[in-house]
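The structure's right below; bear with me while I get my questions together.
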Amino acid sequence: MKSEPSEFSIDTLYARPKHTDMWDGVRNYQARNMLRDSIKKRDLVFFYHSNCAEIGIAGIMEVVKESYPDPTAFDPDDAHFDPNSDPANPRWFVVDLKFKRKLKRVITLHELKSHAPLRDMRLLQKGNRLSVMPVQQSEWDFILSLE
DNA sequence: GCCAACGTTGGC
DNA sequence: GCCAACGTTGGC
């Protein structure tokens, strides 16, 4: 999952009560579908820092609560308010994530691109802009071996 | 700040 | 249903 650290970083998550927060504000249907349907409790998730000085994978989170409606979609004062999301038929979803650990160092995008075993990673495909995307087990293991 | 890639909107 | 216009993402 991607976030701009100027908005919300791995350290922001750590500073939250119980090191846990909801992953709100996703407003893309493909990403929504993954949040809603595919991501399960106890899944592990890479925290990717985008659009910043050191772009790459910064840490690991754990899903502690499966999908439920994104409350920010119902709040007119929230930047992610969506008047078309009806509480009776919510359009957007969140999961709760708990900080697990930071990687020993940020594994940068540049470095990820340099490794053949990661060639097919969703993150590295051209034009990819999804903020939530799957990681294969083999990719996960390989990335952690780079630490 | 630039711009390629992509998603969404809305007129027709 | 098509597609031009527009907005957003995110690396550089």
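Basis for what follows: all heavy atoms, side chains included, without hydrogens, waters or symmetry-related copies. Naming: A, B, ... by sequence-line order, numbering from 1 per chain.
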Expressed as a whole number of angstroms, how long is the span from E54(A):CD to dG10(C):P?
18 Å
Under 4.0 angstrom between K2(A) side-chain N/O and dG11(C) OP1 or OP2:
no
Rounded to whole angstroms, how far apart are NE2 on H49(A) and P on dG11(C)?
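After rounding, the gap between these two atoms is 12 Å.
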Taking CG from L130(A) and P from dT8(C), how many angstroms apart are they, rounded to a whole number?
17 Å
Protein-nucleotide distance (R32(A), atom CZ; dG7(B), atom C1'), rounded to Å:
14 Å
Drop me the distance from R119(A)'s CZ to S114(A)'s OG, to the nearest 0.5 angstrom.
12.5 Å
Are side-chain heavy atoms of T108(A) and E54(A) found at a separation under 4.5 Å?
yes
Counting only heavy atoms from other residues, nucleotides and ligands, does the tally under 6.0 Å from OH of Y14(A) exceed 12?
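For Y14(A), atom OH is not crowded (no more than 12 foreign heavy atoms under 6.0 Å).
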dG11(C) OP1/OP2 closer than 4.0 Å to side-chain N/O of Y48(A)
yes
From the options dC12(C), dA5(B), dT8(B), select the nucleotide whose nearest atom is closest to the side chain of R129(A).
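The answer is dA5(B), which lies nearest to the side chain.
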Close approaches to DNA chain B from residues 5-13 of chain A, in residue order (heavy atom, under 4.0 Å)
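Correct list: empty, so none.
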What class does the angle between the rings of F142(A) and H115(A) fall in, given that below 30° is parallel, 30 to 60° is tilted and above 60° is perpendicular?
perpendicular
With a non-hydrogen cut-off below 4.0 angstrom, is Q30(A) in contact with a base, only sugar-phosphate, or nothing?
sugar-phosphate
Any chance the side chains of R27(A) and T72(A) put a donor and an acceptor closer than 3.5 Å?
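Result is yes, a qualifying pair exists.
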Judged by each residue's nearest nucleotide on DNA chain B, which is more toward the 5′ side, G127(A) or N84(A)?
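It is G127(A), whose closest nucleotide lies nearer the 5' terminus.
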Which of parallel (below 30°), tilted (30 to 60°) and perpendicular (above 60°) describes F47(A) and F8(A)?
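Geometry flag for F8(A) against F47(A): parallel rings.
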d(CE, M133(A); C1', dC6(B)) in whole Å:
13 Å
Whole-Å distance, E4(A) CD to dT9(C) P, equals 8 Å
Rounded distance in Å - CZ (R27(A)) to P (dT9(C))
11 Å
Please state how far atom CG in N128(A) lies from atom P in dG10(C), giving the value in whole angstrom units.
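Computing the N128(A):CG to dG10(C):P distance gives 8 Å.
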Do Y68(A) and W92(A) have ring centres separated by under 6.0 Å?
no
Taking only side-chain nitrogens and oxygens of K126(A), does any of them come within less than 4.0 Å of OP1 or OP2 of dA4(B)?
no
